[in-house]
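Structure, as structure tokens:
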Amino acid sequence: MNLKTFCIIAGLIFGTMIQAQELLSPDGNLKMTFSLENETPTYQLDLQGKTVINPSKLGFELKDAEPLTTGFTVENTETRTVDETWEPVWGETKTIRDHYNELLVHLKQQSTDRKMSIRFRLFDDGLGFRYEFTEQPELTYFIITDEKTQFAMTGDHKAFWIPGDYDTQEYDYTTSKLSEIKGLWQQAVTPNASQTPVPNTVQTALMMKTEEGLYINIHEAALVEYPAMHLELGDDNLTFEAHLTPDAVGNMAYMQAPRNTPWRTIIASDKAGDILLSNITLNLNEPNVLEDTSWIKPVKYVGVWWEMITGKSSWAYADLPSVKLGETDFANAKPTGKHGATTEHVKEYIDFAAANGLDQVLVEGWNVGWEDWFGKSKDYVFDFVTPYPDFDLPELRDYAKSKDVRLMMHHETSGSIRNYERHLDTAYQFMRDNNYNSVKSGYVGDIIPRGEHHYGQWAVNHYLYAVQQAVKYHIMVNAHEAVRPTGLRRTYPNLIGNESARGTEYEAFGGSHPDHTTILPFTRLIGGPMDYTPGIFQPDVSQLNPENNSRVRTTLARQLALYVTMYSPLQMAADVIENYEAHMDAFQFIKDVALDWDTTLVLEAEPGDFITYARKQKDSDNWFVGRTNDEEKRTSSIDFSFLDTGKKYIATIYADAQDASWETNPQAYVIQKYIVTSKSKLKQECASGGGYAISIFPVRDSALTRGVKKL
Ligand code: NOJ
Ligand code: CA
């Protein structure tokens, strides 16, 4: 590292000793300045001379102890540069470069003799920093009651936000100026299953845009043994401060040194696409700890699911009170008459998966307990191993195997983490014994033990424990309603999915705003993939359940695009078989689309408006393009210069028809084939709530191109 990269400025300003230390990103464009102002640690971030984060304070308040906020001196500092490349087990790119300059500042609080270090890593696309506590006599066990980390904005930025909440992220986004957040906050808190909204607070990943066109994203990486962080907006409507999720008695984090906090991340760029392509969150996580990853595979699946979400079928086998809560004997039960997970019905899904090359079939409502799944009995209701009488598990297991398809396990815990941990090993062993290798788990409703929150330290520990235990049984985990991801999939690549945001299910609960999927990649997906469950071909939900008048607020073409724009190694074709059978030409895209990638490009992007991705399938020459469009009709212009020069490809474009719109004509789509090369260009109309999907395959047999137009 040269002198230019690190320079120490020491001076006396207004009688206070200010020690400032600068850290530059490898390309020199970002600058982080650390200083002690009135003995309080602060940092500032600049991009090419423009300030991204104004001087912001760092520190903690502790229970029954002096706060760790001021009275510090710098003991010494360490610097280093790292430039490494690693390969994720699965991901958006085949390799990932981890390149940063690091500054580690060792601080000492003179009055208490306690030490605290802050490690800053500055990448070309952003900053990560965390607090580190070494083992020391004066600070071994301590309880954090408040984290004082600030993120001071420089202006009244446009923000894409959901209200802070200790228990859910399942909100629609609000787009507003920072100064409007407090006024709009109440209205943004739409009711849902389990929520504990926190006034004047927003969740991360928080996406912002400045008036000058700078994109800023704040989140966290490697959330381990610590509560999730929200951001509380201060009186100035500019300065955010960390707001941690408390436990049942109001404490935030129980610490035992040596211990580090999660990383706080700030991604910044004048290109929106750079935010989407940033690997900061992954790079700040520890490398993969699994020796053998051969059992971890991306999964495309269908399921007995949408019919329950829409209300057509039931998860429960019987009606209360014809069975007692927690009852496993159904001899005298009164069946609901619409139980979804029956042996016959599941076989239809297995047949459909087998016929279309899909890997797995999710079955929800297969196990006893759903009669009162988030009611009074939730503390003991599920044992995760006892099927309902009309679900013949051995028969279905063998039937699926004979068709080269697997069943996907479902563990709804109803938020009773205590009950789940009691049964976890038996439940995982049961999966192994019955040929399951992936589980969709869920945490609907209030957490038990009561008073704990979904995003508190105790629950955060549980989600990771469930993933770590799953490793022993070679099980891949997709947890719904768990804490939003923070890149832990790098360390545990069997964590193949999470929900932790408003997914497709909300299209059957009244609908999400049509711009939802133009925001999610900039917010929720910064932490990791989402089991968004796209692929709804019949947007009129009343067709399945006449009592449900919800409408899916996207066109059919956009449902296809989401397989490319909502990155995930786990993709569901979420609709019911009949709806696919009515549009097998469009279903072809879902069959074709890849789940794992060599290369990912962002061709067009503006949060809240549109995103167009192009991705090259792993170890293949196939490309897929996806475009999601907000409520405005727009024209997308892309070129195919990403293709190999001199090579011919066949592109199949699945687009909105001229008269398509999510509101009035969502199922109107056109499918066209063209020959494309790296010189081709496309101008494509996108409907309101629309978009398009393209599969691009190299031409192997020129006979197939006869009569196909060139683009
Ligand atoms: C909420 C999940 O997000 C949904 O997918 C699931 O069907 C229900 N919980 C029941 O477990
Ligand atoms: Ca959910």
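Just so it is clear, the values below take in all heavy atoms, side chains as well, and ignore hydrogens, waters and symmetry mates. In each ligand, atom 1 is the first atom listed, and ligand 1 is the first ligand listed.
Counting the atoms of ligand 1 from 1 in the order shown, those under 4.0 Å from a heavy atom of E505 are 1 (C), 2 (C), 3 (O), 4 (C), 5 (O). Set against the non-hydrogen atoms of W315, the atoms of ligand 1 under 4.0 Å away are 7 (O), 10 (C). Against a heavy-atom cut-off of under 4.0 Å, E499 is close to the following atoms of ligand 1: 3 (O). Atoms of ligand 1 found under 4.0 Å from any heavy atom of W370, numbered from 1 in the order shown, are 10 (C), 11 (O). Interface atoms of ligand 1 facing H410, defined by a heavy-atom separation under 4.0 Å, are 11 (O). Heavy-atom contacts of V444 reach the following atoms of ligand 1: 1 (C), 9 (N) (cutoff under 4.0 Å). Atoms of ligand 1 found under 4.0 Å from any heavy atom of H480, numbered from 1 in the order shown, are 2 (C), 3 (O), 5 (O).
With a 4.0 Å cut-off on non-hydrogen atoms, W306 does not touch ligand 1 at all. When heavy-atom distances to ligand 1 are checked against a 4.0 Å cut-off, I309 comes that close only through its side chain, counted from C-beta outward.
Side-chain atoms of E220 and T265 form no donor-acceptor pair, as typed in the model, at a separation below 3.5 Å. Residues N629 and R627 have side chains that bring a donor and an acceptor to within less than 3.5 angstrom of each other. Side-chain atoms of H411 and Y443 include no donor-acceptor pair closer than 3.5 Å. There is a side-chain donor-acceptor pair under 3.5 Å between Q203 and Q169.
Taking each heavy atom of V483 and N498 in turn, the nearest pair found is O-ND2, 4.4 Å. Residues N548 and A508 share a closest heavy-atom pair of ND2-O, 3.0 Å.
Both tests do not hold together for K472 against Y428: distance to the six-membered ring centre under 6.0 Å, angle to the ring axis within 45°.
With ring centers used as reference points, Y349 lies 6.0 Å or more from F352. Between F587 and Y580, the ring center distance clears the sub-6.0 Å criterion.
The shortest N or O to N or O distance between W305 and ligand 1 is under 3.5 Å. For ligand 1, one of its N or O atoms has an N or O atom of K440 under 3.5 Å away. By the 3.5 Å distance cut-off applied to N or O atoms, E481 is counted among the residues near ligand 1. Remark: ligand 1 and E412 share an N or O pair separated by less than 3.5 Å (distance only, no angle test).
Using a 4.0 angstrom heavy-atom cutoff, Y443 does not count as in contact with ligand 1. Using a 4.0 angstrom heavy-atom cutoff, M308 does not count as in contact with ligand 1.
Under a 3.5 Å cut-off, the side chain of Y492 and the backbone N or O of V471 do not form any donor-acceptor pair.
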